[in-house]
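Before any comments, here is the structure.
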Amino acid sequence: MAKSTRKTIATAIAIADVASCYCAFVLALLLLASLRENYPPEEPIRGKFTGGPCDEIYVVNDGETLHTISDKCGDPFIVEQNPHIQDPDDVYPGLVIKITPTKDWKV
């Protein structure tokens, strides 16, 4: 009976070791999957919007003026809300501005 008990214990330990390795593998996969979900996008989002026509932080695209952005986003007070804009005619691609759209924005 001692050999039978030892064999049973050895089998139980082997099963527990395999189950432990399997659980560690599954947890590692879950961790990698969660890291991938939180990873930032490869390219910055420019000119693409999630809600209305404009997000609160807007990156100026090529060929845009404050007037066209104001019309598109429904914010007539862009210059007042962005003190870093010294000259309204000096707007360039890549300039980051704050937008506060009104409720009546144009699509």
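Under the 4.5 Å side-chain heavy-atom criterion for Ile, Leu, Val, Met, Phe, Trp and Tyr, Val18 and Val26 are members of distinct hydrophobic clusters. Note on Val79: it clusters hydrophobically with Ile99, by side-chain heavy-atom contacts below 4.5 Å among ILVMFWY residues. Both Tyr92 and Val60 sit in one connected hydrophobic cluster of ILVMFWY residues. Membership requires side-chain heavy atoms under 4.5 Å apart, directly or through other members.
Not one N or O on the side chain of Ser20 forms a donor-acceptor pair closer than 3.5 Å with the backbone of Ala16. Formation of a donor-acceptor pair under 3.5 Å by the Asp62 side chain with backbone atoms of Pro93 is not found in this model.
What you find for Pro76 and Ser70 is that their closest heavy atoms are CA-OG, 3.5 Å. The two atoms that bring Asp75 and Thr100 nearest to each other are OD2-N, 2.9 Å, heavy atoms only. Pairing each heavy atom of Lys72 with each of Glu64, the nearest pair is NZ-OE2, 2.9 Å. Residues Val59 and Gly94 approach most closely at CG1-CA, 3.8 Å, considering heavy atoms.
Rounding to the nearest 0.5 Å places CG of Asn61 at 8.0 Å from CD1 of Ile69. With rounding to the nearest 0.5 Å, the separation of CG in Leu27 from OH in Tyr22 is 10.5 Å. The distance from atom CD1 of Ile85 to atom CD1 of Ile97, rounded to the nearest 0.5 Å, is 5.5 Å.
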Derivation of the side chain to side chain contact (heavy atoms under 4.5 Å, CB included) call for Val96 and His84 = CA-CA 10 Å; Val96 178; His84 61 281; 5.7 Å; no
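Dense packing is recorded around CG of Asp17, with more than 12 heavy atoms of other residues, nucleotides or ligands lying under 6.0 Å away.
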